[in-house]
There are 2 protein chains.
Amino acid sequence: MSAPSVVIVGAGFAGLNAAKLLGRKGRDLDITVVDRRNYHLFQPLLYQVAMAALSPAEIAYPIRSLLSEYPNIRVLLGDVKDISLSEKQIKGDFGSLRFDYLLVATGSAHSYFGHDEWEEYAPGLKSLEQATEIRRRVLTAFELAERESDPEQQKAQLTFVIIGGGPTGVELAGALGEISRYTLEKDFRHIDPRRTRVVLIEAGKRVLATFHPACSARALRDLERLGVNVWTGTRVSRVTAEGVGMGEEFLRARTVIWAAGVQPSPLNRFLSSDLDKRGRVKAEKDLSLAGHPNVFVVGDQALFEQDGAALPGLAPVAMQQGREAARNIMRLARGEKTKAFRYHDKGTMATVGRSRAVVELGKIHFFGLLAWITWLFVHIYYLIGFRNRMFVLVQWIWSYATFGRGARLIVHKNWKMEK
Amino acid sequence: MSAPSVVIVGAGFAGLNAAKLLGRKGRDLDITVVDRRNYHLFQPLLYQVAMAALSPAEIAYPIRSLLSEYPNIRVLLGDVKDISLSEKQIKGDFGSLRFDYLLVATGSAHSYFGHDEWEEYAPGLKSLEQATEIRRRVLTAFELAERESDPEQQKAQLTFVIIGGGPTGVELAGALGEISRYTLEKDFRHIDPRRTRVVLIEAGKRVLATFHPACSARALRDLERLGVNVWTGTRVSRVTAEGVGMGEEFLRARTVIWAAGVQPSPLNRFLSSDLDKRGRVKAEKDLSLAGHPNVFVVGDQALFEQDGAALPGLAPVAMQQGREAARNIMRLARGEKTKAFRYHDKGTMATVGRSRAVVELGKIHFFGLLAWITWLFVHIYYLIGFRNRMFVLVQWIWSYATFGRGARLIVHKNWKMEK
């Protein structure tokens with residue numbers, strides 16, 4: 001009898017952690033990891049690529065290399081287009097693949113709340129391509145402002161709007177505030193980069209709404225110190241090439257970034273017809289799919305309720321769920337019963353520019369330099385791969401010492417010769 | 001009276017060196033540097049980006065930062081579309097700009113010898129965009145081969161063709177030989193990366209034709225040791241999505257790279273109606289344009305004859321010409337006579353993979369490890385900017401120790417959400 005086959009779709013935090021555990025402890029299993037990218041992306045630092053502080057390769061690592069030490073794992077570059085639970089197979093551009101056990105961990109994309117046409121003018125920040133696109137737009141805005149003679153145009157070029165006041169929005173706004181205040185200061189002749197306007201728009205009452213109110217208040221103060229205008233309780237009704245509309249008001253801005261709202265992977269429609277209003281599929285207590293004990297769904301695309309509330313779409317949740325799902329697959333393969341998953345909250349944090357962050361550990365929360373150092377070490381620690389850790393650390397030390405940014409390149413999409 | 005204005009078009013090796021000299025010594029001049037990129041690119045290491053060894057930001061540096069210390073220099077991101085010598089102005093997407101002195105140093109692009117339709121199937125290697133496109137194609141070829149069941153298809157996916165046996169072609173072929181022999185070995189399950197075929201096609205009699213025949217012979221042997229097939233005296237007559245045709249013969253290959261032939265910048269047509277058969281514009285002894293003593297043309301786009309032969313399109317030629325043109329501009333501004341330019345050949349070199357290179361210094365030439373170490377230090381030394389130097393050195397030490405490649409990312413052109 002051949003080894004039971006495990007297919008893991010998605011090598012994000014959940015899929016990668018599941019694969020590593022199965023690689024180490026599930027030697028009697030035949031494991032395939034399918035991802036449409038050839039690399040694992042360390043999403044928490046993606047905003048630093050968008051803000052020209054890090055290079056893509058510093059936060060991305062080939063999945064093959066991460067898993068090459070496990071002879072029972074095979075890695076497949078592939079785009080999964082269909083999942084058939086009854087036939088126990090997945091299909092995609094790679095052909096089809098049978099599974100005995102399936103782990104689906106394909107994460108989430110942005111949601112424009114029914115306004116997908118806004119994407120053109122307000123890219124989100126989920127992929128490396130989006131990060132370099134945002135970097136291109138931000139750096140180009142400064143270049144165009146430098147050569148602009150019309151003051152109205154220049155004002156629009158120097159106005160940056162971030163929609164969404166969660167951790168990503170706050171981190172982007174803080175970094176933009178810093179770039180305009182410090183990094184670009186001496187490089188421009190005709191514009192004063194300090195005339196830059198950074199506006200962070202949040203529909204809710206406060207930024208970092210999932211944090212303690214004291215953290216929100218401190219983040220707000222740190223942002224304002226960097227010159228960021230924070231508009232809470234403000235709902236965006238229109239995004240165009242010219243800027244952002246909020247009811248009657250219209251803010252002219254050349255650069256708009258979307259950091260509000262996510263939607264789960266569209267693969268969910270093959271897993272259940274009963275999705276929640278955000279499109280997530282409900283996971284059972286042991287992370288399996290109702291009626292399909294051999295199929296597990298974890299991470300951003302899953303709805304998992306604990307103590308009466310849905311777990312948030314955070315990296316630690318995905319990592320812990322991925323590992324528990326892997327353990328449950330091994331239990332089933334040994335003929336044992338699965339166990340229920342429980343999330344252990346080790347804390348959340350967000351940084352607001354140089355030397356400033358907010359950290360929440362259970363009932364404790366703290367701010368400022370200590371929080372920033374904590375943030376730094378936690379991110380370095382979790383950043384996959386020894387080499388990347390070292391490079392990012394060196395980059396950060398360099399940037400801290402010089403106020404410089406290491407990756408200020410405007411790279412275009414067209415690779416063909418310009419005529 | 002206002003300061004005489006100097007416009008430098010292009011911030012490659014020639015333009016950047018001219019600008020730095022004028023920034024330091026031409027304080028009484030009003031200097032504008034125009035480039036369509038926001039960064040200076042260290043072209044000699046571009047092949048390492050294409051081969052996933054370095055990240056774009058490690059060989060590119062913002063022009064603004066490189067010149068920000070000079071208060072007499074202004075940097076403009078702009079695409080020059082027209083040069084009017086009679087009106088003494090340039091025009092482009094930035095508007096128009098008047099000059100008293102003009103330095104044109106916009107380099108060269110690839111030439112497909114009248115077959116521009118080949119570019120789609122055989123990208124050249126002149127820009128960062130092209131380098132990441134080549135990286136994408138090479139890495140994707142291995143991924144597709146891994147999931148391929150048809151042996152004929154797999155063979156085509158594992159066949160890499162480089163057209164052109166100059167330094168770039170030799171360096172690419174050597175790196176590809178190494179990747180397939182060492183780097184990817186343990187990462188794949190279904191293919192043996194050593195079955196990769198790398199073919200270097202050269203129309204002339206030998207590779208590195210501008211070097212001493214002993215260097216060519218040694219490079220050939222080093223390439224063959226890495227498993228590269230070198231086909232000299234072979235002329236390409238067709239490039240398609242399927243591969244490369246050479247008269248009757250057709251070689252199926254999914255990945256083809258163009259490293260043969262360059263053509264000067266199209267701006268030359270505004271400088272003279274009398275271009276040489278390669279499209280270069282003739283520079284006078286003092287690097288000025290005949291009939292226009294205030295206009296200088298240097299680098300790849302200029303034809304400069306010394307001792308009866310045209311100088312080659314190399315970085316050291318461009319750097320020396322840029323500096324001499326800058327000196328001649330300062331002489332004219334002081335009312336002095338210009339001086340003739342003379343190129344001092346400090347040597348040429350090319351690397352053929354790990355620990356192997358060929359170096360030619362005047363009448364001396366040497367190979368192997370010593371040549372490779374020389375190559376390494378010369379490139380580190382000339383790589384602009386302290387930070388990049390340090391990062392590249394660290395990358396190289398890491399790669400040498402681990403046989404790893406730091407930037408194995410397949411990045412796509414489309415940044416929008418995949419549905």
Side-chain angles (χ1 to χ4, degrees), chain A residues 36-39 55-58 60 62 64-65 68 74-79 94-95 109-110 116 119-120 123-124 126-130 132-133 139-140 143-144 146-147 149 186-190 266 387 390-391 394-395 398 402 404 406-419, chain B residues 36-39 55-58 60 62 64-65 68 74-79 94-95 109-110 116 119-120 123-124 126-130 132-133 139-140 143-144 146-147 149 184 186-190 266 387 390-391 394 398 402 404 406-419:
Chain A
R36 60 184 176 191
R37 307 296 185 150
N38 78 322
Y39 51 82
S55 278
E58 286 161 346
R64 278 191 191 293
S65 303
S68 66
R74 175 186 164 212
V75 176
L76 203 63
L77 180 78
D79 202 356
F94 50 88
H110 283 94
D116 281 1
E119 188 181 21
E120 182 72 34
K126 278 276 177 188
S127 69
L128 282 180
E129 286 83 358
Q130 288 165 343
T132 47
E133 173 67 14
L139 298 176
T140 302
E143 293 294 340
L144 295 184
E146 170 78 355
R147 74 187 201 201
S149 50
K186 68 178 165 118
D187 282 4
F188 289 86
R189 300 279 178 261
H190 287 214
R387 188 189 136 274
M390 186 181 64
F391 273 68
V394 173
Q395 282 272 21
W398 180 84
T402 64
R408 263 170 57 195
L409 309 183
I410 301 176
V411 179
H412 297 274
K413 277 156 281 187
N414 176 29
W415 55 268
K416 293 195 182 173
M417 293 189 291
E418 292 162 82
K419 299 253 162 87
Chain B
R36 59 184 175 190
R37 306 296 185 150
N38 77 321
Y39 51 84
S55 278
E58 286 160 347
R64 280 194 188 289
S65 302
S68 65
R74 174 187 165 213
V75 176
L76 203 63
L77 180 77
D79 201 357
F94 49 89
H110 282 95
D116 281 0
E119 189 182 22
E120 181 71 35
K126 278 275 175 190
S127 70
L128 281 180
E129 286 84 358
Q130 289 165 343
T132 47
E133 173 67 14
L139 297 177
T140 303
E143 294 292 340
L144 295 184
E146 170 78 353
R147 72 186 203 202
S149 50
L184 302 173
K186 67 176 166 121
D187 282 4
F188 288 87
R189 301 279 179 260
H190 287 213
R387 189 188 136 274
M390 185 181 64
F391 274 68
V394 172
W398 180 83
T402 63
R408 265 168 56 195
L409 309 184
I410 301 176
V411 180
H412 297 274
K413 275 157 283 186
N414 177 28
W415 56 268
K416 293 198 184 171
M417 293 189 290
E418 292 163 83
K419 300 253 162 90

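Letters A, B, ... mirror the listed sequences (proteins, then strands); counts begin at 1.
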TODO: Return the option, out of A/E146, A/K126, A/E58, with the maximum number of heavy-atom pairs under 4.5 Å with chain B.
DONE: A/E146
Task: Atom pair CZ (A/R36) and CD1 (B/I410), whose distance is rounded to the nearest 0.5 Å - done: 14.0 Å
TODO: Answer with side chain, backbone, both or neither: which region of A/E133 has an atom nearer than 4.5 Å to a non-hydrogen atom of chain B?
DONE: side chain
- [ ] Could you tell me which portion of A/S55 (side chain, backbone, both or neither) has an atom closer than 4.5 angstrom to a non-hydrogen atom of chain B?
- [x] side chain
Open item on the list: To check you understand the geometry: which heavy-atom pair defines the closest contact between A/P56 and B/L409, and what is its length?
Closed with: C-CD1, 3.8 Å
Open item on the list: Under 4.5 Å from any heavy atom of chain B, what part of A/R189 do you find: side chain, backbone, both or neither?
Closed with: side chain
Task: Geometric cation-pi criterion B/R64 and A/F188, 6.0 Å radius, 45° cone - done: yes
TODO: Under 4.5 Å heavy-atom distance to chain B, tell me which part of A/E120 shows up: side chain, backbone, both or neither.
DONE: both
Open item on the list: Would you compute the distance between atom NE2 of A/H190 and atom CZ of B/R74 and round it to the nearest 0.5 angstrom?
Closed with: 4.0 Å
- [ ] Answer yes or no: is there a donor N or O on one side and an acceptor on the other, between the side chain of B/R147 and the main chain of A/L77, under 3.5 Å?
- [x] yes
Task: Shortest non-hydrogen separation from B/E143 to A/N38 and the atoms involved - done: OE2-CB, 4.1 Å
Open item on the list: Is A/F94 in contact with chain B via its backbone, its side chain, both, or neither, using a 4.5 Å heavy-atom distance?
Closed with: both
